[in-house]
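Following: one structure in structure tokens, then a few remarks.
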Amino acid sequence: MIVNTAQTPALRKAASAQQATLDELVAIAAGRAADGLADMAKRMTAVLLDMTSAGHDLQAVGRRIRSGNLLQENTYAFVHLASTAIELALRKEVALLAPASRAAAPAPLTLSLVPMEEIDSQLAFAAISRPFDIQQSERLASLGVRLGLLLGRELVRASHNPFRPEVFLRALQEAWCEFEPDEAAHALIVPLLRTGVVFDFTPILEALNDRLKPARVREERFAKTDDSAAARAARARRDAAVSQGLRQLFGAAEAAAGAELDIPLIPELPQGGGWRPSAAAGFAGAMPLGGGQPVPAPSAAAAPLIEVLEKLAGAVPAPGPQTGPAAGPHEVFYLPRLKQSLPRGSLSRGDETTLDLLSRIFETVLLDESIPQETRELIAFLQVPVLKAALKDRSFFFEDAHPARRMLDLLSNAGWERPASAEDPVYRAMQRGVDKVRREAQPDAFAAAVADLEASIAEREQLEAAAIAGPIALATRQEKQAAAARSANKAVSLRLAGEQVVALVGTFLEQRWTPVLTLAYTIEDSKPGAVDNATRAMDDLIWSVKPKATQEQRKALIKRLPALLTTLNKWLDAVKWQDAERLQFFAALADCHATIVRAPIELSPERQLELAVEAAQQDALRRVAQEQVEAAEQECALDPAGALLASLERGMRVEFKGALGVRKVRLAWVSPLRTLFIFSGASRQEAFSLPAERLAEAFRTGSIRVLAAEGVVGRVLGEAVGQGAMNDPGREPVPAARAG
């Protein structure tokens with residue numbers, strides 16, 4: 001029969017990746033072992049030169065002294081030989097596990113006798129290695145399970161683990177035999193291969209286990225990534241870059257010699273069809289002031305722009321209810337046309353930059369059709385007050401909390417919902433604020449207007465929260481119960497998957513202890529430690545029905561049983577399991593414990609090692625299964641849709657696209673565990689809720705998008721600086737209605 005050993009490219013790639021990982025493991029193990037060889041050589045020297053245990057054989061004493069002196073004087077040579085031998089031995093063992101060796105055609109079977117010397121050597125090293133195996137049973141078992149996952153197997157058995165202590169100990173013996181020229185002294189190494197003399201295997205095995213853990217588990221353990229903190233950090237970096245670009249525009253930096261920088265100017269805003277005035281408030285075809293008087297054109301030697309604006313103060317009509325006809329768009333100051341009315345070159349660079357930036361900001365807002373007309377008309381009246389505030393204090397462009405900037409952002413964001421009537425409290429607060437800023441024209445006026453508007457918005461949010469308080473309370477309870485049930489089921493499933501649990505206890509955990517754990521997770525917030533107590537009781541119950549091979553283990557079982565049974569009964573009382581089946585379970589459990597305590601004790605070292613390895617393997621299977629679950633959850637968190645979902649915060653506006661068209665809503669509430677989101681629609685539309693799964697799917701399909709989470713000022717400044725708009729004279733400003 002012909003054996004086809006051909007592999008597909010995918011299989012070859014997988015095998016190559018496995019081999020690369022195995023090679024890396026060898027390098028890690030050999031390197032960690034080499035780090036401990038120098039200290040090991042010192043301990044070996046001390047034992048060899050210690051005559052208190054040398055005996056009375058003068059030849060043996062002389063041999064120990066010569067070998068001890070040889071090792072003391074040539075430590076570096078022995079370390080080199082030992083490190084090389086360890087690496088070669090590890091590579092030889094790993095080659096037996098490598099994908100290439102398993103893919104090769106099987107060699108013809110040959111029968112041969114194993115020499116007695118080899119059998120004796122294997123038995124001897126099995127005895128020498130046993131204390132190390134027992135001491136490191138847990139780490140070796142975990143490593144065997146992880147190697148199995150790497151190679152696509154259930155696990156790698158202890159006798160085939162290439163990093164078992166026996167491999168290192170045999171390599172040390174070979175290095176010693178090569179190092180010591182006296183063959184009669186070769187046997188001196190055997191008594192030295194013991195714990196306390198040989199280097200510690202703990203850091204070696206821990207390093208190997210860490211390398212084989214899933215990458216996400218290595219980088220960030222089950223503590224979930226704070227997506228909001230990452231988003232804040234990203235925004236801070238973006239704001240810093242925008243601020244730096246703006247400071248360069250304003251000429252804040254100077255050359256080392258004190259000379260003024262060559263500050264780039266914002267190009268002339270496009271005229272005619274490029275800069276498209278519209279019917280939006282504040283964008284009329286002409287720019288006379290109230291009363292129809294044209295703006296006086298200053299001379300080339302005009303005073304700073306702030307003085308020009310002071311002369312024009314009071315020319316714009318007040319917002320709000322009018323006694324006569326309502327003010328038309330032509331009666332509102334239009335910033336770009338102010339610049340057009342001034343002689344070219346009459347503005348300082350700073351004033352011109354300020355005017356151009358604010359022109360762009362106001363056009364973005366006033367052309368945004370998602371903002372109701374009533375709100376845009378109010379915002380239009382702020383053009384001159386905001387320009388004056390920015391000219392007096394350019395921190396307007398750098399600080400979100402600047403009162404004038406904060407007010408503009410509040411009006412554009414809070415006013416996106418059309419007022420229910422002219423008496424709408426938030427709309428009335430907007431009117432009061434705009435009127436106050438225009439009449440007083442003082443820096444404190446913006447701060448007072450912002451405080452009034454924020455208070456009105458907070459009051460509206462409180463009313464909205466009260467309206468949906470019932471659904472929120474119900475959703476919170478349901479979410480908490482569902483999360484508790486998921487956590488309880490996962491905890492029980494992981495233990496049953498990774499343990500050889502007797503049927504009695506396995507059935508009990510699935511049917512009766514899962515409700516207990518669910519209750520513990522539910523009350524954890526009010527009673528911290530409940531989950532730990534219930535979980536520890538579950539683990540103790542599983543341990544109690546495992547075989548106990550020594551008298552000490554049985555004494556420990558007898559000592560721990562009363563507290564365990566008390567804890568079990570308290571929790572079962574809490575979940576109200578009181579029927580006859582409960583009595584039957586505890587009677588059967590008592591019989592199981594009695595059988596374990598009365599069973600014959602097997603004290604052979606081989607049996608102790610076997611039981612220790614078996615228990616360690618079961619624990620390792622459970623731990624590794626938990627890691628795989630965590631890694632899968634971490635991978636899910638990397639889903640772009642999941643990242644967008646994690647970025648949603650209360651108060652954000654989002655846009656849904658569906659069969660009935662486009663709908664813009666506000667995120668009114670996010671559940672504590674972020675599994676449920678409640679939205680309220682514009683124009684007092686009824687609130688509705690969506691689970692996280694449906695929202696994530698909406699992000700994947702593109703049927704939902706977030707509408708400009710940051711304020712309008714920051715968004716426009718970011719576009720101007722980040723997208724190069726400041727240096728592109730032919731670029732048309734992007735209105736908010738299109739930029740989103």
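What's counted below: heavy atoms across the whole structure, side chains too, no hydrogens, waters or symmetry copies. For this chain, numbers begin at 1 and follow the sequence in order.
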| query | Using 4.0 Å as the upper bound for N to carboxylate O, is an ion pair formed by E174 and R170? | reply | no
| request: Considering non-hydrogen atoms only, spot the tightest contact between A488 and T514 and give its length. | output: CB-O, 3.6 Å
| note | Heavy-atom nearest pair, A89 first then V167, reads CB-CG1, 3.9 Å
| request: For E524 and G529, indicate whether the former's side chain and the latter's backbone hold a donor-acceptor pair under 3.5 Å. | output: yes
| query | Are any of the side-chain heavy atoms of L212 and L150 separated by less than 4.5 Å? | reply | yes
| field | Non-hydrogen side-chain atoms of L172 and M44 separated by less than 4.5 Å | value | no
| Salt bridge D133-R164, side-chain N to carboxylate O under 4.0 Å | no
| query | Looking at CD of E87 and NZ of K92, how far apart are the two atoms once the value is rounded to the nearest 0.5 Å? | reply | 15.0 Å
| Side chains of V516 and L572 in contact at under 4.5 Å (non-hydrogen atoms) | yes
| Do R700 and E697 meet the salt-bridge criterion of a basic N to acidic O distance under 4.0 Å? | yes
| note | Only one of L25, L147, L22 passes side-chain contact (heavy atoms from CB on, under 4.5 Å) with P162, and that residue is L147
| task | Identify the heavy atoms of N569 and R582 that sit nearest to each other, and give their distance. | result | OD1-NH2, 2.7 Å
| Once the angle between the rings of W571 and W513 is folded into 0 to 90°, is it parallel (under 30°), tilted (30 to 60°) or perpendicular (over 60°)? | perpendicular
| note | Rounded to the nearest 0.5 Å, the OG1 atom of T595 sits from the CG atom of D591 at a distance of 6.5 Å
| Once you round to the nearest 0.5 Å, how far does CD of E24 lie from CG of L208? | 10.0 Å
| Of all heavy-atom pairs between L557 and S544, which one has the smallest distance, and what is that distance? | CD1-CB, 3.7 Å
| said: Once rounded to the nearest 0.5 Å, what's the spacing between atom CG of L90 and atom CD1 of I28? | reply: 11.5 Å
| request: Identify, with sequence neighbours excluded, every residue that meets salt bridge (charged side-chain N to carboxylate O under 4.0 Å, His left out) alongside E581. | output: R512
| query | Run the side chain to side chain contact (heavy atoms under 4.5 Å, CB included) check on L37 and S83 step by step: do they pass? | reply | CA-CA 8 Å; L37 284 173; S83 61; 3.8 Å; yes
| Sub-4.5 Å side-chain heavy-atom contact between L568 and F586 | yes
| So L676 and W669, side chain to side chain contact (heavy atoms under 4.5 Å, CB included) or not? Walk me through it. | CA-CA 8 Å; L676 188 67; W669 178 77; 4.1 Å; yes
| query | When you measure from the side chain of K548 to the backbone N and O of V597, does any donor-acceptor pair fall under 3.5 Å? | reply | no
| field | Heavy-atom pair of closest approach, residues A668 and R650 | value | O-NE, 3.1 Å
| field | R139 backbone acceptor or donor facing N209 side chain under 3.5 Å | value | yes
| Steps toward side chain to side chain contact (heavy atoms under 4.5 Å, CB included) verdict (E93, F163) | CA-CA 8 Å; E93 289 289 328; F163 303 100; over 6 Å; no
| said: With rounding to the nearest 0.5 angstrom, report the CD to CG distance, Q135 to L205. | reply: 10.0 Å
| said: Within the structure provided, determine whether I678 and S671 are in side-chain contact (heavy-atom separation under 4.5 Å). | reply: no
| note | Heavy atoms of L517 and A534 approach each other most closely as CD2-CB, 3.7 Å
| field | Pairwise side-chain contact, T518 with N489, heavy-atom cut-off 4.5 Å (strictly under) | value | no
| Does R674 use its side chain to pair, donor to acceptor, with the backbone of L648 at less than 3.5 Å? | yes
| task | Could I get the full list of salt bridge (charged side-chain N to carboxylate O under 4.0 Å, His left out) partners for D532, not counting sequence neighbours? | result | R536
| query | Quick one: does T476's side chain get under 4.5 Å of P672's, heavy atoms only? | reply | yes
May I have the list of side-chain donor-acceptor pairs in residues 194-203 shorter than 3.5 Å, sequence neighbours left out?
from, atom 1, to, atom 2, distance (Å)
R194, NH1, P191, O, 2.8
D200, OD1, T202, N, 3.0
D200, OD1, T202, OG1, 3.1
T202, OG1, Q136, NE2, 3.0

| said: So does K490 get a backbone contact from the side chain of S493, meaning a donor-acceptor N/O pair under 3.5 Å? | reply: no
| field | Rounded distance [0.5 Å steps], CG in L695 versus CG in L690 | value | 5.0 Å
| Trace of the side chain to side chain contact (heavy atoms under 4.5 Å, CB included) decision for V670 with L667 | CA-CA 8 Å; V670 181; L667 181 55; 3.6 Å; yes
| task | Taking the side chain as every heavy atom from C-beta outward, state whether T507 and F585 have any atom pair closer than 4.5 Å. | result | no
| note | Which of E479, E693, Q478 passes side chain to side chain donor-acceptor pair (under 3.5 Å) with T675? It is E479
| query | More than 12 heavy atoms of other residues, nucleotides or ligands under 6.0 Å from CZ of R43: is that the case? | reply | yes
